[in-house]
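In this chain, numbering begins with 1 at the start of the sequence shown. Atoms within each ligand, like the ligands themselves, are counted from 1 in listed order. The shown structure was predicted, so the numbers you read here are calculated from the model rather than taken from an experiment.
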Amino acid sequence: MNQVILTGDRPTGRLHVGHYVGSLERRVRLQNSGEFDEIYIMIADAQALTDNAEHPEKVRQNIIQVALDYLACGIDPEKSTIFIQSMVPELTELTFYYMNLVTVSRVQRNPTVKAEIQMRNFEASIPVGFFCYPISQAADITAFRATAVPVGEDQLPMLEQCKEIVHKFNTVYGETLTDPQIILPDNQACLRLPGIDGKAKMSKSLGNCIYLSDEADEIRKKVMSMFTDPNHLRVEDPGKVDGNPVFIYLDAFCRPEHFQEFLPDYQNLDELKAHYTRGGLGDVKVKKFLNNVLQAELGPIRERRKYWEAHTDEVYAMLKEGSERARAKAAETLRDVRHAMQIDYFG
Ligand code: TRP
């Protein structure tokens with residue numbers, strides 16, 4: 001079977017290190033593995049509008065920011081098709097047909113939708129478009145016949161809902177759609193990177209993110225201000241590494257080479273953790289190490305981003321070409337769907 005990746009992000013802000021370890025880094029590895037025949041990476045502007053209907057300028061501005069972040073991380077337009085969701089109107093048509101295969105109560109039970117309704121104070125008046133976004137996400141995935149969807153953990157309920165739609169469609173109209181598999185990060189720490197304030201999620205509205213586009217000194221300031229174990233007051237005190245953001249970030253980012261380069265007194269992270277737990281290791285030393293690790297990882301990303309920032313005309317041209325290619329693929333699937341649904345009246 002053709003191995004196809006489809007994934008994407010809402011263009012509501014610049015991407016941060018949570019996106020990076022949660023999904024972007026993995027996408028680049030999958031892209032370069034040579035195991036995939038087609039890779040589609042979507043900037044989900046239509047989905048972003050489902051809860052930003054009054055702020056189209058915000059969505060528009062962030063299209064280029066997300067595209068720059070993709071290129072900076074190593075998504076290669078020669079290998080991956082990067083496109084803009086709304087430039088592929090076939091996705092909207094598919095969504096409309098899939099809506100008939102999903103009940104209102106099923107969407108209401110989707111844990112991600114539930115959490116978002118709460119977060120956005122939509123309880124009393126949920127926009128219909130927002131409510132339907134899990135269905136539109138199923139259209140995104142199936143339109144490209146995706147076999148693999150590398151995303152963050154929060155997208156798991158969306159994938160489950162998509163699989164249900166695929167099964168229902170194939171049962172009612174005959175085998176047409178491809179069943180996708182979710183690909184989650186293999187490293188636990190990468191599943192959900194906390195904010196620098198220790199809050200469970202990195203989010204722009206909480207102001208607790210480290211962005212891929214942050215300058216070196218911004219990263220350093222953010223790292224030095226990070227929450228740690230609140231009971232680790234003096235260097236001699238024993239500290240806790242579980243739930244300690246600094247150590248979670250190290251779990252996500254640091255490799256043995258980083259010790260040789262920046263902290264040769266320790267062989268590896270286990271030794272560093274043991275010392276912290278025992279007492280006698282100060283937060284500042286650990287934070288300085290984390291800063292070095294992050295600078296080593298994010299420096300080349302920032303430099304690549306700067307290059308593309310100076311060539312945005314090329315980036316828009318790449319998005320246009322990608323959107324055309326994506327549209328051709330989605331149109332093929334839509335043709336099959338219309339045929340299966342017996343609405344292909346003129347042959
Ligand atoms: N929901 C994803 C996000 O919030 C974006 C997205 C839209 C997506 N359609 C998708 C992700 C299809 C994977 C597959 O970032």
Identify the protein atoms, limited to N or O, that lie within less than 3.5 Å of an N or O atom of ligand 1, and list each pair with its distance to 0.1 Å.
unit_1: ligand 1; atom_1: 1 (N); unit_2: Gln47; atom_2: OE1; d: 2.7
unit_1: ligand 1; atom_1: 1 (N); unit_2: Gln137; atom_2: OE1; d: 3.1
unit_1: ligand 1; atom_1: 1 (N); unit_2: Gln155; atom_2: OE1; d: 3.1
unit_1: ligand 1; atom_1: 4 (O); unit_2: Arg10; atom_2: NE; d: 3.3
unit_1: ligand 1; atom_1: 9 (N); unit_2: Asp140; atom_2: OD2; d: 2.7

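Two rings, from Phe83 and Phe144, have their centers less than 6.0 Å apart. The distance between the ring centers of His232 and Tyr276 falls below 6.0 angstrom.
Each of Lys222, His16, Arg302, Arg220 was scored for a side-chain hydrogen bond (donor to acceptor under 3.5 Å, both in side chains) with Asp214, with one residue passing: Lys222.
No side-chain N or O of Asn244 forms a donor-acceptor pair with one of Thr228 less than 3.5 Å apart. The closest side-chain donor-acceptor pair between Asp76 and Gln31, if any, does not fall under 3.5 angstrom.
Heavy-atom minimum distance, Ala72 versus Ile301: CB-O, 3.4 Å.
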